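Numbers restart at 1 for each chain; the letters A, B, ... are given by sequence-line order, proteins then strands. These figures come from a predicted structure and were not determined experimentally.
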Amino acid sequence: MGYLNGFAVTFRKLFHNTPTGAIVTTEYGGGRGRKHDEKRPKADRVHGRHVLNRYEDGMEKCIGCELCAGVCPAKCIYVRGADNDPENPTSPGERFGFIYEINYLRCIHCDLCVEACPTEAITESKLFEFSFTNRQDAIYTKAELLVGDDGMPKHLPWEDWRPGEDLMTSAWMRATSPSGDADYVGKVAWSGELGYGLRAPESGQTTEGAWPPPAGASHDDHGHDDHDDHDHGHAHGGNH
Amino acid sequence: MSDTAAPTTVAITVNGVAVEAKPGELVIDACERNGVYIPRFCYHSRMRAVGMCRMCLVEIDGGRGPALQPSCMVSVSPDMKVFTESPVTKKAQDGILEFLLINHPLDCPVCDKGGECPLQDQTMAYGPGESRFVEEKRHFEKPIPISDLVYLDRERCILCDRCTRFAKEVAGDPLIHFQGRGNLTEVNTFPDDPFSSYFSGNTVQICPVGALTAKPYRFKARPWDLEEVESTSVVDSVGSRISVQSSRDRVLRFVGVDSDPVNWGWLTDKERFSFEALDHEGRLGGPLMRGNALGKLDAKGDQLVRATWAQALGAAASALTEAGPSRVGVLGGARLTNEAAYAWAKLTKGVLGTDNVDAQLADGLPADVVLGLPRATIDEACTPGGVIVLLGPDPKEELGALYLRLRHAVIEDRATLIELTPRSTGLSKFAAHRLHPRPGEVGELATALVADVAPTRAIAGVEPAAIAAATAALRSGKPVTVILGRTSLAEGTDAIVEAALTLRDGFPGVKFLSALRRGNVHGALDMGLSPGLLPGRTTLAASRAAFVDAWPNVPTATGLDATGILEAAASGRITTLVLLGADPLRDFPDAALAKKALETVEMLIAVDLFVTDSGRLADVVLAAAASSSEVDGSFTNLEGRVTAVRQKVTPPGTARADWMIAAELATRLGGDLGLESVEQIRAELAALSRIHEPLATGAFGDRDGVLITGGSVTVAPRERAVVPKSDAYSYRLIATRSMYDLGTVLQHSSSSAHLAPGTAVLLHPLDFDQLGVEAGARVKVSAAKASLHTIVHPDAGVPRGSAAMLFNQPDADVGGLLDARAAAIDVRVERV
Ligand code: SF4
Ligand code: SF4
Ligand code: SF4
Ligand code: FES
């Protein structure tokens with residue numbers, strides 16, 4: 001009988017408010033089509049379901065380097081690279097992410113993958129309201145993660161997307177600057193994204209020395225070492 | 001060294017600590033041996049130091065005050081002081097790295113070397129945290145294929161000279177070079193001259209950056225995905241040590257491991273890229289049996305369909321029982337590990353009771369000669385200043401890692417090479433004495449070599465002066481090693497054996513290094529997979545009594561060898577034939593006999609990784625796990641050295657280890673091998689064979705393994721070989737193998753499968769006049785048994801009167817011309 005005692009607490013609290021009368025369990029959202037169908041506002045830097053971004057020309061940013069997989073503390077990313085078809089490349093350069101899978105039964109949304117990515121390919125949206133009824137659905141593949149031709153994340157049947165949850169997801173979300181160099185903190189140095197363009201700097205951030213120049217900034221070739229026109233992906237500003 | 005007055009150590013100080021160096025040792029090596037690693041890019045312990053990269057700069061005080069010097073170019077001297085961590089050294093290291101990174105692209109995320117890259121690692125450890133370089137880097141076209149297997153990305157190259165030095169110094173294929181000057185220096189091949197070296201993969205392994213990458217591994221994984229075990233390559237009999245690296249239960253590459261007595265870290269491309277065969281789509285994941293188009297089992301069916309292990313083993317066992325010992329033959333076994341070979345020896349010779357077992361396919365030498373002559377190690381053969389007699393196949397084509405060792409011995413260590421091969425080989429360039437006897441007549445030549453009086457006339461087509469010079473070299477008192485194997489598949493073994501025995505008797509102390517090429521063939525012979533042998537390098541005649549207690553059904557008389565088995569099968573005397581990884585249709589030097597035999601036998605059982613050409617005719621195909629990376633076991637190389645073979649991945653489907661198949665079959669035959677694990681097999685073997693005790697104690701598990709010596713096999717006395725007569729209109733056929741051919745593993749390694757060069761018939765240029773054809777003409781080559789059409793090319797390496805062709809190539813069935821019983825084969829070459 002012992003374990004039923006535990007349930008007693010659950011049931012007691014389920015139907016009773018606290019002695020002060022305050023409601024401590026909040027009805028969240030209420031579910032689509034229900035009465036309180038709204039989500040609480042989320043912080044700008046909330047980590048949610050990932051997206052694999054594209055450059056503004058539609059090329060995939062992921063180069064299949066497996067750095068995200070290597071850094072992931074939950075070991076939930078599986079990536080394999082492959083050779084780009086020179087005639088019809090998937091991503092700029094030689095290599096693209098051929099297999100990309102994240103297992104959301106394991107992901108702890110720590111964002112280390114986002115930090116590690118040299119091309120800002122993987123970022124996290126703010127959506128965390130998604131659950132599954134089987135393991136297969138929980139393993140997101142490239143088909144689910146990669147943004148569509150309009151640059152927008154795919155909306156899967158079990159995901160509850162609301163307006164704005166796909167915004168503010170680009171690489172600026174990272175704690176580290178794109179070059180990984182503290183000297184560049186505050187300098188805008190990220191690449192544009194299909195569907196969203198280039199994010200403008202926040203207050204306190206400068207565009208000086210940044211590549212590519214954010215919208216509105218003067219074009220400055222400083223520090224640009226890319227030889228491939230598409231190759232926005234190299235760490236910008238650093239030049240080892 | 002100890003009896004000379006020269007000091008055996010040199011006292012130096014490294015960072016203030018007194019250490020002992022060896023006289024003449026380089027500072028970089030002396031420091032490393034004493035636990036102080038000096039960063040480097042160009043220095044490689046198996047190649048000459050060139051001092052290209054300057055990464056190894058350290059402060060060295062040789063008595064005149066400390067100065068920065070490249071530690072890979074400076075030998076130790078008494079009382080030398082080395083500072084590897086001084087501020088000046090650190091500044092130099094930092095500067096060199098900054099300098100190297102000026103033009104090195106930021107490709108790490110897409111570079112196959114990223115994660116295991118010396119440039120990355122040393123930049124992290126010794127380099128600047130940040131770059132000051134903002135100018136445009138040097139650009140080249142991104143990777144260009146420089147051979148069928150290797151890509152070159154010149155932007156990444158740091159001009160360390162390792163690949164070029166390897167190609168020139170180690171492999172002897174100087175096909176990549178530095179070109180251009182200054183900032184525009186690049187490594188490249190000459191146009192129309194690809195880096196088609198058999199050893200090109202080694203440059204990928206030693207390139208300290210990702211400038212050279214291997215196609216078969218390109219973008220397959222990152223180093224941190226890989227798990228590795230150290231194992232032995234089973235592709236040829238050198239037994240090169242390798243690191244098997246896999247990810248997600250799939251082998252993704254083999255990397256050479258430096259075993260001092262064996263391969264020095266080098267691998268042939270054939271070995272290196274043979275991992276591709278492991279997960280080839282043609283791999284058998286379960287047994288097959290005859291069936292019909294609907295996939296239903298049908299003994300008369302015209303195709304192979306899937307069966308269960310119970311069905312397949314049942315069918316095989318009942319056929320073996322029905323046939324009885326005298327009507328069963330077993331061909332092959334060189335693919336097996338020692339343990340599997342023991343299990344199969346016990347099954348065939350201990351349970352079935354047949355001695356018709358042969359691991360060689362008439363392309364080797366009689367087992368008593370291989371095991372009974374005094375044996376040399378590779379190191380002994382390569383003794384500095386020694387004499388090496390090549391009485392075997394072209395090592396460059398068949399035993400690549402051995403070729404590199406022999407080449408080094410001749411070029412760097414001043415060994416004298418005497419060739420007794422029917423035509424020139426990959427080593428001819430370095431040979432002091434090139435004696436190319438007419439095929440089938442090398443026995444006569446050997447007799448002349450050991451004779452006290454120099455011959456006055458040409459023997460076997462070799463001029464007397466050349467014979468006298470070679471004799472003088474052999475008598476020089478230096479240690480003599482004979483590399484002994486099959487010189488050509490178109491000549492019998494009698495003459496070679498006679499030559500070997502003549503040399504043994506003529507030059508006391510001469511040793512022999514076997515050059516049988518097939519994987520673990522020496523292990524198979526040690527385990528008794530040859531007529532007249534029993535496990536433990538002993539003979540049926542000598543040890544039958546000892547085995548009768550341990551094995552239920554030991555044969556009483558010596559059985560048939562491969563040729564005998566196929567002849568008996570062709571004439572219906574053998575009704576059940578087991579192919580233990582053998583593909584006689586392709587691989588037996590008498591294609592017609594092999595075909596007749598396989599078509600005649602009532603029951604053909606193939607145990608293999610793939611359905612080979614011969615397997616297609618089989619009634620039952622049993623799926624085996626690959627000895628390379630899919631099973632635990634041990635391997636015996638051509639010296640008799642036993643090293644560990646380790647499992648890294650699971651075999652496909654229900655394929656199982658060969659020893660398990662033997663054990664299962666034994667159970668169904670009403671016997672019990674009593675073998676349930678590899679360890680148990682080793683223990684049982686050690687109990688029966690004292691020389692194999694290190695297997696039971698695990699003492700062979702180290703990198704260099706253990707050398708198994710001894711055994712009670714002696715060379716049976718022989719009659720003089722009959723010298724075949726030649727007629728003036730014919731050419732003596734020489735049939736040799738090339739590195740790439742239609743071998744089973746090679747054909748299932750997708751990157752290398754198309755590298756088989758094909759064959760033409762090669763004649764000495766002076767023979768063209770007599771023949772009346774011009775180079776490149778189409779000719780008909782006819783032997784007694786068959787003829788074929790091919791192209792004729794001149795080749796000065798082929799002696800006059802001989803005609804050379806390659807065996808087992810896609811465009812000509814040379815096997816059809818051969819006759820396993822002939823002492824030599826004469827062919828007519830005619831214009832068509
Ligand atoms: S957010 Fe963290 S746990 Fe999730 S995939 Fe990325 S690295 Fe792994
Ligand atoms: S998402 Fe980024 S880190 Fe991960 S494989 Fe792709 S490019 Fe590399
Ligand atoms: S390709 Fe590699 S091994 Fe060759 S010189 Fe360049 S860096 Fe050295
Ligand atoms: S390692 Fe000494 S100069 Fe390159």
| note | For residues 72-100 of chain A, the ring pair (Phe, Tyr, Trp, His ring centres under 6.0 Å) pairs (sequence neighbours left out) are none

| task | Using heavy atoms and a sub-4.5 Å threshold, report which of residues 137-150 of chain A line up against chain B, by residue number. | result | none

| field | Under-4.0 Å salt bridge between B/Glu98 and B/Arg132 | value |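 Result for this pair is yes, salt bridge flagged.
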
| Do A/Lys42 and A/Glu165 meet the salt-bridge criterion of a basic N to acidic O distance under 4.0 Å? |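 Looking at A/Glu165 and A/Lys42, the cut-off is met.
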
| query | Excluding sequence neighbours, so at least two apart, what forms salt bridge (charged side-chain N to carboxylate O under 4.0 Å, His left out) with A/Glu94? | reply | B/Arg156, B/Arg218

| said: My understanding is that only residues two or more places apart in sequence, or in another chain, count here; which of them pass salt bridge (charged side-chain N to carboxylate O under 4.0 Å, His left out) with B/Asp279? | reply: B/Arg250

| request: Answer with side chain, backbone, both or neither: which region of B/Asn103 has an atom nearer than 4.5 Å to a non-hydrogen atom of chain A? | output: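 No part of B/Asn103 comes within 4.5 Å of chain A.
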
| field | B/Asn202 and B/Arg272: CA distance, side-chain angles, deciding distance, side chain to side chain donor-acceptor pair (under 3.5 Å) verdict | value | CA-CA 9 Å; B/Asn202 293 302; B/Arg272 183 179 300 272; 2.6 Å; yes

